[in-house]
2 protein chains.
Amino acid sequence: MGLPMRGADLARKATATDVALAAGVSKWTVNRAFKKDAPIAEESRLRVLAAADRLGYRPNLLARSLTTKSTQQVAVLVDDFANPHKLPVLHLLTAALQRERLVAVLVNIDEQNGPVDAILDADQRQVDAVVLLGTSFRDETLRQPALNAARAPLYVLARESTLDAVKAVSCDAAASMEAVGLHLVARGYRRPGFMSGPRTLSTVLGRSRHFAAFWADRGIEAMLDIAVGTYDRRAAGEAMGRYLAATPASDRVDVLVCENDALAIGAMDAARFGCGLDVPGDLAFVGYDGTDLAAAPAYDLTTYEQPMAAMVDRLVDMIVGRLDPTTVSLEGRLVVRGST
Amino acid sequence: MGLPMRGADLARKATATDVALAAGVSKWTVNRAFKKDAPIAEESRLRVLAAADRLGYRPNLLARSLTTKSTQQVAVLVDDFANPHKLPVLHLLTAALQRERLVAVLVNIDEQNGPVDAILDADQRQVDAVVLLGTSFRDETLRQPALNAARAPLYVLARESTLDAVKAVSCDAAASMEAVGLHLVARGYRRPGFMSGPRTLSTVLGRSRHFAAFWADRGIEAMLDIAVGTYDRRAAGEAMGRYLAATPASDRVDVLVCENDALAIGAMDAARFGCGLDVPGDLAFVGYDGTDLAAAPAYDLTTYEQPMAAMVDRLVDMIVGRLDPTTVSLEGRLVVRGST
DNA sequence: AGCACCGTTGCACCCGGGTGCAAAGAGGGC
DNA sequence: GCCCTCTTTGCACCCGGGTGCAACGGTGCT
């Protein structure tokens with residue numbers, strides 16, 4: 001009697017019906033025992049819980065989701081694993097989601113698997129929301145008619161959105177570029193330049209444009225913009241090397257503001273180790289994101305820190321419905337270090 | 001007639017029954033139309049597919065998983081987001097899983113949410129497998145009786161396992177520490193030290209022990225081991241600072257092998273910028289992992305590169321059943337740079 | 001013509017749990 | 001003792017799609 005039952009137990013997970021049998025009640029009573037504020041006698045609840053414990057029963061969340069129409073899953077789409085900043089963002093995001101008993105489904109967007117397919121796929125999995133942590137796709141991509149069938153609300157994090165249907169939680173580009181600009185003016189820099197990543201990205205254009213506007217207001221027009229095309233450290237170094245090789249010292253910028261820390265670090269390495277320049281003496285650098293590495297003494301990079309924790313909190317507030325979905329942009333703060 | 005239908009369409013996703021109605025067949029035929037090699041007339045298949053397309057129908061993967069007992073989801077448990085190396089690992093892992101049409105559920109393990117709870121939770125979600133990317137928990141934790149109820153196979157990646165039920169895919173600690181040791185001997189280093197992360201971790205003890213054993217074989221016993229307790233760059237720097245402050249130059253090690261690149265980078269920064277030491281002149285450093293940052297000219301760190309792509313491929317082979325689950329350990333390669 | 005056979009289709013019932021409602025039981029007031 | 005009410009429980013049926021089997025029709029064969 002012992003062995004066959006064990007065998008069965010091992011092969012198959014206990015279901016509510018099994019527990020009901022063991023506790024001498026109906027399966028619906030088992031269901032109630034696991035539901036907060038359900039009308040059930042305390043005594044039966046305890047009996048059910050004891051039986052459940054004995055059988056190692058835990059409700060099948062899949063089956064539950066089928067009727068409740070809520071999977072407690074949020075798809076997180078990432079298209080730029082080369083940027084180290086994504087890791088702390090994922091950390092904050094998963095932590096914030098888990099506080100609400102939500103879980104992140106991490107989806108890699110690349111050539112094989114574009115954003116539209118990924119969204120449709122996630123929607124088929126009935127996720128409660130889709131968060132785009134992407135950088136290199138275009139807004140227009142999300143306007144594709146195929147996406148109309150998808151029911152999961154779409155959010156973009158740490159970049160702006162021009163689409164009504166896609167709410168964005170980002171860091172205020174105008175305010176941040178003004179903070180950077182004011183700092184540079186105060187330090188006496190007069191020949192600013194910008195280094196940008198993927199060209200397709202509204203955020204890039206945003207930061208770059210706001211930075212240029214800041215200087216245009218002060219009579220400095222036609223700013224240099226080194227377009228790297230990706231957020232890759234190496235690529236930034238190569239682009240920087242090309243710029244330095246092509247430009248005599250007297251014509252160079254005196255400070256380079258980079259669209260993020262990864263670019264700044266690559267560019268800084270090229271300037272220091274490739275061309276023997278002094279930072280910030282010959283050339284100053286500013287990053288964006290406030291990554292951990294920017295704080296390392298080997299870089300000591302002045303950077304604009306995005307208020308990522310607050311941004312993630314807002315985002316999760318919207319996902320769980322505590323906040324009406326809207327596009328919000330928060331202000332971060334400039335962290336001044338030795339690179340300027 | 002247009003509006004009400006639209007309203008209904010928007011409120012509710014089309015189901016197989018809806019498509020069946022539209023195509024003039026039964027819902028089972030709809031089902032067949034979406035199944036490869038199902039017995040269905042080509043003509044009906046096309047008719048169904050057209051109707052599905054018209055209605056924006058895509059099968060509900062949740063409902064499917066309920067009967068097929070396969071969710072195509074793999075839980076990935078991470079407990080150390082401070083280590084930048086986790087990002088490329090996640091990249092490789094999600095990419096490899098997606099190639100098999102599997103998706104990663106990313107779960108954050110911390111104080112609020114321990115490994116056991118996370119595994120049970122993932123199991124309730126009926127994931128097909130659980131991959132532990134953890135470092136700071138103990139093997140014994142996984143022996144807890146509560147886990148017996150869980151049916152999902154457990155794997156650990158990039159660390160060893162002493163449990164039969166938990167298969168590990170890791171990088172050969174003995175071989176890697178021998179490669180490092182031989183390199184150091186060839187370069188003439190005679191006073192080696194080791195810097196380790198979390199004490200609870202079998203991998204740490206493994207690498208540290210193998211490295212010590214290598215030198216013991218050559219008559220150098222009682223090796224220094226600086227235990228940092230975490231894999232944090234800053235903590236490593238502080239531990240290094242304390243060591244350098246407490247040890248006169250003549251008594252110091254001449255090379256420090258660190259349990260991973262994050263520690264090496266922190267320790268190296270403390271040595272160079274905190275104490276003005278020359279690397280590798282006064283003190284040499286070796287890392288482990290082969291992170292991108294180790295290649296940056298600002299660090300130029302000699303490091304042992306784990307064959308992560310191959311490891312991930314093996315792991316996924318086991319998950320999809322192409323390979324029988326066993327514990328495997330692969331060999332990586334030493335990347336020699338300027339820090340030794 | 002009669003038969004078997006195959007491709008094709010429909011159906012009953014399953015997966016595991018959730019909902020709304022009705023019935024059963026307990027308790028109180030008259 | 002009766003009735004009414006409230007708590008507790010059971011039940012039918014649902015979520016959306018998957019399985020095994022039976023029945024259907026047409027073909028090719030004898």
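By convention in this document, chain letters (A, B, ...) are assigned in the order of the sequence lines, proteins followed by strands, and residues within each chain are numbered from 1.
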Kindly give the atom pairs (protein nitrogen or oxygen, nucleotide nitrogen or oxygen) under 3.5 Å for nucleotides 24-26 of chain C.
none

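- Atom OG of B:Ser44 and atom CG of B:Leu49 lie 11.0 Å apart (nearest 0.5 Å).
- For B:Thr17, the side-chain hydrogen bond (donor to acceptor under 3.5 Å, both in side chains) criterion is met by no residue, not counting sequence neighbours.
- Every side-chain hydrogen bond (donor to acceptor under 3.5 Å, both in side chains) that B:Arg58 has, sequence neighbours left out, goes to A:Gln124.
- Checked by atom type and distance alone, the side chain of B:Asp128 never pairs as donor or acceptor with a backbone atom of B:Ser70 at under 3.5 Å.
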Quick one, give me the B/S/- string for nucleotides 16-28 of chain D, reading 5' to 3', where B means a protein heavy atom under 4.0 Å from the base and S means that only happens at the primed atoms, P, OP1 or OP2. BBBBB--------
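- In summary, the side chains of B:Gln112 and A:Gln98 do not present any donor paired with an acceptor at a separation below 3.5 Å, with no hydrogens or angles considered.
- Counting heavy atoms from C-beta on, the side chains of B:Leu77 and B:Val107 come closer than 4.5 Å.
- B:Tyr57 and B:Phe34 have perpendicular rings, their planes meeting at more than 60° on a 0 to 90° scale where under 30° would count as parallel.
- Note on A:Thr29: every side-chain N or O is 4.0 Å or more away from OP1 and OP2 of D:dT8.
- Axis deviation across the helix from C:dA1-D:dT30 to C:dC30-D:dG1 amounts to 50°, comparing end segments of five pairs, rounded to 10 degrees.
- Here the side chain of A:Asp18 pairs a donor or acceptor atom with the backbone of A:Thr15 at under 3.5 angstrom.
- Counting only heavy atoms from C-beta outward, the side chains of B:Leu61 and B:Gln72 never approach each other to under 4.5 Å.
- Here A:Ser26 does not reach the OP1 or OP2 of D:dC11: none of its side-chain N or O atoms lies under 4.0 Å away.
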Donor-acceptor contacts under 3.5 Å from residues 316-330 of chain A side chains, at least two apart:
| residue | atom | partner | partner atom | Å |
| --- | --- | --- | --- | --- |
| A:Asp317 | OD1 | A:Arg322 | NE | 2.9 |
| A:Asp317 | OD1 | A:Arg322 | NH2 | 2.7 |
| A:Arg322 | NH1 | A:Glu100 | OE2 | 3.3 |
| A:Arg322 | NH2 | A:Glu100 | OE2 | 3.0 |
| A:Thr326 | OG1 | A:Asp324 | O | 3.4 |
| A:Thr327 | OG1 | A:Ala168 | N | 3.2 |

